[in-house]
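First comes the structure, then the notes that go with it.
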Amino acid sequence: MQLHLDDDQSIFVDTTRRYLADTSDIATIRALAETERGFDADWWARGAELGWTSLLAPERMGGGGVSDDAVSDLALIAFERGRLIAPGPFASVNAVVAALATSDAHDDLLARLIAGTSVATLAASERGVRWPGPGVTTSLSTVGDAVEITGEKITVESAAVAEAFVVLAAGPEGDRLVVVPADADGVEIAPRRSPDLVRRFADVTFRDVRIGRDAVLELERSDLERVLDIATVLQLAETVGVLDRVLEFTIEWASDRYSFGRPLSSYQELKHRFADMTLWLEASKATVTEAAAAVTKQPEQAGQYVSAAASYVHEHGPELVQDCVQMHGGIGVTWEHDIHLYLRRVTLNSLTCGTVADHRERLASMILEGAGR
Amino acid sequence: MQLHLDDDQSIFVDTTRRYLADTSDIATIRALAETERGFDADWWARGAELGWTSLLAPERMGGGGVSDDAVSDLALIAFERGRLIAPGPFASVNAVVAALATSDAHDDLLARLIAGTSVATLAASERGVRWPGPGVTTSLSTVGDAVEITGEKITVESAAVAEAFVVLAAGPEGDRLVVVPADADGVEIAPRRSPDLVRRFADVTFRDVRIGRDAVLELERSDLERVLDIATVLQLAETVGVLDRVLEFTIEWASDRYSFGRPLSSYQELKHRFADMTLWLEASKATVTEAAAAVTKQPEQAGQYVSAAASYVHEHGPELVQDCVQMHGGIGVTWEHDIHLYLRRVTLNSLTCGTVADHRERLASMILEGAGR
Amino acid sequence: MSTTVSHDIDRVPDAAELERYRAEAREWLAENMPPLDPRADPNQQTKEHVKDLARRLHSGGYSGICFPREVGGAGLTRSHHRVFCEEAADYELPIYLGTPGLSIIAPPIMEFGTEQQREHVAAMLRGERLFVQMMSEPTGGSDMAGALTRAERDGDVWVLNGSKIWSSGASRADWGLVLVRTDWSVPKHRGLSMLLLDLSLPGVTVNTIKMVDGSEEFCEEFFDDVQVPHECILGEPNDGWTVANRLLFHERQSVGGGSPYHFNRPKSARSSARGSDLVGIVGRNGREADPVARQLIGEAHANELVGRQLISRVSDAVASGVLPPIAGSLLRLNTGVTAMRRGSIALGLAGTEGATWEDGDDADHPADQFILRQASCIGGGTTEMQRNLISERLLGMPREPAADKDRPFNEVRRSRREENTR
Amino acid sequence: MSTTVSHDIDRVPDAAELERYRAEAREWLAENMPPLDPRADPNQQTKEHVKDLARRLHSGGYSGICFPREVGGAGLTRSHHRVFCEEAADYELPIYLGTPGLSIIAPPIMEFGTEQQREHVAAMLRGERLFVQMMSEPTGGSDMAGALTRAERDGDVWVLNGSKIWSSGASRADWGLVLVRTDWSVPKHRGLSMLLLDLSLPGVTVNTIKMVDGSEEFCEEFFDDVQVPHECILGEPNDGWTVANRLLFHERQSVGGGSPYHFNRPKSARSSARGSDLVGIVGRNGREADPVARQLIGEAHANELVGRQLISRVSDAVASGVLPPIAGSLLRLNTGVTAMRRGSIALGLAGTEGATWEDGDDADHPADQFILRQASCIGGGTTEMQRNLISERLLGMPREPAADKDRPFNEVRRSRREENTR
């Protein structure tokens with residue numbers, strides 16, 4: 001996705017690419033669809049050994065990028081994962097790692113996330129609230145030496161197997177991220193289905209959940225948005241990977257397939273649509289690459305860059321895949337053909353970590369009211 | 001535009017078609033662009049003799065349709081006017097006639113409108129208010145034996161030459177239409193430019209304008225909306241006429257014009273766009289025909305039909321003409337080529353009598369809150 | 001060649017006649033037909049249930065309102081059909097009999113069939129026989145005339161080999177109408193024949209195809225040395241494309257909503273909008289007052305209403321000769337693009353709240369329906385094909401160059417890699 | 001054939017070098033260049049004013065940053081050019097010198113020109129000569145290689161006859177680069193030549209064309225037995241299409257925003273959005289809090305930002321060989337579609353309040369700009385042409401069949417009605 005990789009990045013990406021090619025073919029994905037958690041725990045741990053979850057950890061725990069920009073390094077991995085629609089809560093776990101790295105109260109959990117032996121995911125979205133806020137209704141209050149969380153979160157990834165959730169809650173001094181163990185009293189997990197076949201979600205209710213004060217990560221709004229932007233941009237990079245693969249095999253199909261004695265790719269109307277799709281893909285690569293880099297290199301612009309990328313990619317991405325479905329004709333809407341697996345991933349990604357409408361509203365608030373970091 | 005005309009309607013339409021062909025060619029339109037009022041008063045009066053302004057008048061004044069549906073009859077005329085982008089405040093004057101026909105207090109004015117010796121137009125739109133309301137801010141209050149109007153109206157057609165305005169104002173018992181002479185004290189007319197070359201508009205301010213009580217037309221909200229719907233649907237019919245003509249001459253152009261040794265119309269991508277445009281035009285004819293008929297024949301559905309037609313036609317109409325501009329290439333954006341005159345009319349019409357957004361909001365209010373008649 | 005129907009279905013009955021008909025139909029329906037469960041998927045009707053519903057309709061004289069009396073129809077008009085459909089809106093109807101049977105397959109049988117072959121239509125109307133069309137092939141895409149399935153004459157029978165795909169509901173059908181190649185030495189349109197095929201014959205295999213939404217309405221069929229009697233050819237041998245073209249015309253009419261033979265369900269404007277799941281989505285998400293959601297609700301409603309108005313107009317225009325029959329492609333195209341836009345609108349309204357749903361909740365979820373969105377632009381002839389037809393046959397623009405146009409079919413290239421199959 | 005530039009414009013200078021350059025440029029600009037009036041239309045700069053601005057730039061060594069020293073350029077890199085443009089954002093620059101002169105016309109002169117012809121580039125950089133390209137013809141549309149303007153050899157001169165159109169700013173230019181037909185007996189691409197034309201020669205007439213917004217930037221030229229010296233042929237006779245292709249490549253780069261030779265005006269993300277008229281429209285209509293308007297504002301801003309990011313990426317990819325030069329068509333296409341969408345967004349935000357405006361208020365009105373919207377998809381090669389180029393040359397899909405491909409040009413049909421003109 002990035003135009004130029006340095007040697008370390010190339011090795012880093014190639015390692016993951018080979019690992020995914022060996023372990024994550026479409027037949028495996030289809031088989032995982034039938035499993036409860038959607039991904040294999042050992043497989044995830046071996047991915048973690050390749051650096052999938054450690055780059056945003058603090059240096060003292062072995063964190064740090066392959067290049068000087070760990071978020072961009074992870075975006076490269078997300079892109080490769082997207083090309084193979086790999087399972088696992090990649091974006092969410094990395095956002096959690098970035099959040100936990102700001103404190104030393106959660107090093108044990110962090111160590112397990114880095115090792116890939118455990119997962120912990122973001123619980124940020126709520127019914128009726130535009131990502132990433134304002135307006136969060138889950139409340140955080142102080143009760144003696146403890147804090148109490150009450151509220152309901154939706155689209156919490158891998159909730160059923162997560163050890164903890166990093167919850168976005170509205171406290172007396174503003175919004176905060178709070179680390180809540182999944183087994184705390186008052187946490188209720190209601191599994192949900194999504195269009196994706198291997199990623200698992202739940203609604204999670206927090207009913208007067210009481211936990212220690214050090215569960216609260218003392219991040220200001222701008223640092224908190226950095227965590228959410230990391231989740232968003234990694235998911236966007238994954239989407240771009242999906243688009244890249246889908247356009248690739250659809251162009252191949254259009255060249256192989258003949259209709260009325262000539263290849264599909266000789267029909268001008270289809271050619272023009274392929275030209276548009278090529279533009280959308282290239283622009284998506286451009287904007288997601290820059291958004292990922294901005295998180296570290298231009299933090300004041302990052303929110304704007306991430307939301308612009310989300311607006312663009314989620315507008316054009318699903319349409320690109322649908323258009324590729326159309327190019328395939330009837331087989332494109334059969335269960336047997338793989339393209340729907342890609343479409344499912346792109347559709348899901350366009351609805352979590354904020355929708356097109358959420359990100360446009362966020363851009364408008366930056367432009368019209370100077371909101372955001 | 002209607003599929004089947006009876007004999008009387010055919011004669012009625014043919015008469016206007018011949019009159020327009022003789023008097024309203026493009027050279028005339030271009031010449032009228034340089035004049036202050038944009039249309040010739042005698043020309044208008046002769047049009048009135050052909051029935052342009054009398055069909056919605058009460059029977060006692062010689063009104064009544066050519067068929068049993070006067071609004072549809074007028075829509076046929078509007079369509080022909082659109083094909084030749086004829087000037088004059090056709091939709092607005094007819095709406096005024098429909099409004100005045102509900103009372104006998106304004107028969108003198110009505111007679112002059114029918115004769116075409118005078119014009120009076122609607123003053124309904126306001127800054128920041130969605131057509132056709134709610135939320136009108138121009139106020140109507142009773143002061144002794146008189147009433148007083150205060151407020152500002154925008155996009156009032158032919159204001160500089162109008163004898164009177166029919167003003168939408170919020171009174172103590174709800175919104176009302178009020179007949180205000182243009183020369184009343186406190187009426188200020190500020191001429192404005194529009195994209196159209198021959199239709200003239202102004203902002204009109206009413207500052208404590210005091211007039212007799214019989215100026216108020218005692219129409220309930222639903223009857224009042226009928227008047228506005230008549231203006232809207234006649235303007236829509238005009239737009240459909242413009243689209244019909246533009247698509248016609250652009251298809252001809254695409255067949256005549258060769259590029260790379262073969263006609264433009266042999267290029268599949270262009271062919272498919274022409275197919276889409278044909279669909280839009282046919283659907284526009286369908287929906288505007290039914291909307292016009294509904295005003296008389298299904299009054300409870302008319303608001304819905306008119307707003308659905310406006311949503312559809314104003315979404316696709318300007319795009320259709322722009323696409324035809326694109327088909328023409330460079331000459332399509334020159335002053336010398338006529339297509340911009342058509343584009344100007346369609347653009348203007350999409351902004352007055354409610355925008356796409358206004359009509360969609362109105363449909364939503366009907367569906368979600370059961371609003372409207 | 002005889003005409004499709006021997007009476008004037010376009011006659012406009014007087015209002016009194018129609019109102020009488022309406023009153024009778026209303027009374028009859030209440031007594032004889034089961035009420036509709038609005039949540040039931042008509043594609044789930046079983047073969048026996050379809051036949052039972054058809055038999056009931058036939059007993060009342062309503063199974064073939066616009067079909068001539070000689071095949072057991074009622075010999076009435078489009079207007080009667082419309083009135084009956086309006087009255088039947090709240091009753092269960094034999095949807096699969098209507099489409100493809102009566103609206104797509106029966107008209108060409110009436111037009112090209114022998115008296116004996118027309119008996120199939122009578123059997124359909126009596127609810128005794130369900131038909132499926134078998135036109136598309138796995139390698140063929142939109143190019144139906146490129147059929148590779150072959151039938152070879154052997155005395156009194158044709159020996160059928162090959163496979164068909166996208167046959168809607170073939171697993172419920174008794175008979176099929178199959179487009180096959182009977183001459184390979186001539187250009188593709190001139191070597192085709194149309195066969196009436198008894199699906200119970202030895203060598204016929206019918207498998208269902210699972211679609212991305214899990215439904216299994218479409219089927220794939222394999223033919224392995226099936227012996228088809230010679231008298232089962234519909235129309236002339238090697239003139240099958242003429243029959244197919246009429247069938248495709250009726251398919252466009254039916255898919256676009258303009259057929260007088262299928263059981264469409266008109267809805268009142270208000271109820272269809274209010275009852276649609278879009279309003280439901282907005283309600284569940286508490287976004288009734290959100291201006292952005294309201295814009296989408298308004299847009300979708302306008303599109304839906306305009307779509308119905310377009311059907312009325314084009315059907316009328318074709319019936320009265322103002323537009324040629326190919327204008328039916330406008331309806332098919334509009335159905336596709338409107339459904340596509342509606343799928344996107346639903347997803348936009350659903351938002352993050354619509355990204356997931358309760359396990360076991362099998363209502364229509366916008367995100368899940370979005371996955372199937374393009375089906376509306378593919379089935380019944382792709383929107384691309386409709387745009388070709390509109391530009392070439394309605395607007396008279398030059399046809400696409402076809403590399404296979406005037407070449408013997410056995411010399412036409414069929415893919416980049418494959419050699420010709422014969 | 002020599003290369004466009006004799007130094008490495010893609011070299012990446014170290015940060016310190018660039019910062020030094022930036023500081024110098026900033027200081028020099030403040031002392032030497034007039035501040036920009038943001039409301040002024042750069043197309044309104046007069047010929048003399050453009051030349052004056054160019055002379056000033058040249059005196060500071062900034063008129064041809066990426067041009068080699070032997071023609072009076074600075075011999076520096078894309079990075080220097082970008083830094084200078086960033087610093088110059090608030091100053092007036094000789095826009096018409098940059099485009100088409102330096103960014104579109106100078107590169108092919110550098111690439112194909114004789115040493116003597118390259119003196120034209122030096123004269124441009126000194127602000128002494130303004131150039132215009134004359135490619136399109138009234139009957140030609142997108143088919144530039146179908147040129148009918150002819151030049152016939154007569155001893156030492158070529159006799160030029162015909163007409164050109166869409167020459168941007170020709171009324172301000174001193175010289176033109178003209179594509180002409182010099183051989184009619186060969187297929188169209190093989191009979192063209194490129195001429196350097198002194199517009200002051202007898203027989204040259206330049207008229208402006210009034211556009212729908214009243215502007216008169218574009219021109220039409222007529223040539224009536226103009227005697228052009230033989231040494232004014234750029235490149236080989238009858239090899240003009242090779243030169244034209246390079247010129248078109250540079251035009252796409254320039255229109256798409258990826259040229260290192262023209263004076264682009266980068267804007268900071270925040271300021272461009274805040275300063276855009278969209279925010280102004282919303283403010284004037286009091287719709288800052290309207291969620292529908294806010295969606296449009298967000299969308300437009302995202303498109304604009306993504307467009308700039310795309311320019312960076314594709315320019316980098318082409319410069320580094322990751323993508324072939326034809327990828328510049330992606331930029332041109334995106335510029336067109338983004339401008340088109342922006343025009344519609346502006347109109348939507350303007351609403352009824354934007355349907356009219358005060359007489360004499362000559363600000364940019366969305367409804368008026370909407371009338372000119374398609375210009376962004378036509379000028380500099382239509383979006384249709386870009387989509388052809390992308391699919392055929394970037395994706396390698398089959399080319400459109402061209403009826404004129406291998407036929408002698410004098411046998412090609414040019415319209416339904418016209419007989420061939422020769």
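Only a predicted model underlies this, so the values are computations on that prediction, with no experimental measurement involved. Lettering follows sequence order; numbering is per chain, from 1. When reading the values below, keep in mind they use all heavy atoms of this one structure, side chains included, and skip hydrogens, waters and symmetry mates.
- For the options B:Ala254, B:Pro263, B:Ala275, heavy-atom pairs under 4.5 Å to chain C are most numerous at B:Ala275.
- Heavy atoms closer than 4.5 Å to chain B are found nowhere in C:Leu331, neither backbone nor side chain.
- The candidate from C:Asn388, C:Asn303, C:Leu333 with the greatest count of non-hydrogen atom pairs under 4.5 Å with chain B is C:Asn388.
- When C:Glu299, C:Glu384, C:Arg399, C:Glu288 are compared by the number of non-hydrogen pairs under 4.5 Å with chain B, C:Glu299 comes out ahead.
- In this structure, B:His4 and C:Ser320 have side chains that are in contact, with non-hydrogen atoms separated by less than 4.5 Å.
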What's the verdict on side chain to side chain contact (heavy atoms under 4.5 Å, CB included) for B:Leu368 and C:Val279, showing C-alpha distance, side-chain angles and the deciding distance? CA-CA 7 Å; B:Leu368 296 171; C:Val279 173; 3.9 Å; yes
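- When atom types are taken as modelled, the side chain of C:Gln295 and the backbone of B:Ala357 share a donor-acceptor pair closer than 3.5 angstrom.
- Expressed to the nearest 0.5 Å, how far CE of C:Met397 lies from NE2 of B:His272 amounts to 11.0 Å.
- With contacts defined as side-chain heavy-atom distances shorter than 4.5 Å, the pair C:Gln309/B:Tyr305 qualifies.
- Contacts of C:Leu323 with chain B are made by side-chain atoms alone, with heavy-atom separations under 4.5 Å and no backbone atom involved.
- A distance-only check finds a donor-acceptor pair linking the side chain of B:Lys271 to the backbone of C:Pro398 [under 3.5 Å].
- Using a 4.5 Å cut-off between heavy atoms, B:Ser266 touches chain C through backbone and side chain atoms alike.
- Neither the backbone nor the side chain of C:Gln386 comes within less than 4.5 Å of any heavy atom in chain B.
- Between chain C and the residues B:Ala283, B:Ser311, B:Ala310, the largest count of heavy-atom pairs under 4.5 Å involves B:Ala283.
- The CD1 atom of C:Ile390 sits 7.5 Å away from atom CG of B:Asp276, with the distance rounded to the nearest 0.5 Å.
- Contact annotation: the side chain of B:Gln268 never approaches that of C:Arg387 to less than 4.5 Å [non-hydrogen atoms, C-beta and beyond].
- Residue C:Ser312 touches chain B through its side chain alone, counting heavy-atom pairs closer than 4.5 Å.
- Between the CG atom of B:Leu3 and the CZ atom of C:Arg313 there is a distance of 4.0 Å, given to the nearest 0.5 Å.
- Looking at heavy atoms from C-beta onward, B:Ser365 lies in side-chain contact with C:Arg294 at the 4.5 angstrom threshold.
- By number of non-hydrogen pairs under 4.5 angstrom with chain B, the leading residue of C:Asp316, C:Val322, C:Val282 is C:Asp316.
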Please walk me through it: do B:Leu363 and C:Ile297 pass side chain to side chain contact (heavy atoms under 4.5 Å, CB included)? CA-CA 8 Å; B:Leu363 287 169; C:Ile297 289 283; over 6 Å; no
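- B:Thr289 touches chain C through its side chain: at least one heavy atom from C-beta onward sits under 4.5 Å away, while N, CA, C and O do not.
- Atom CG of C:Asp14 has more than 12 neighbouring heavy atoms from other residues, nucleotides or ligands inside a 6.0 Å radius.
- Around atom CD of B:Glu220, no more than 12 heavy atoms belonging to other residues, nucleotides or ligands sit under 6.0 Å away.
- Taking 4.5 Å as the limit, every side-chain heavy atom of C:His301 sits out of range of all side-chain heavy atoms of B:Met366.
- Here the side chains of B:Leu279 and C:Leu310 are in contact, with some heavy-atom distance below 4.5 Å.
- The CG atom of C:Leu395 lies 7.5 Å from the CG atom of B:Leu247; values are rounded to the nearest 0.5 Å.
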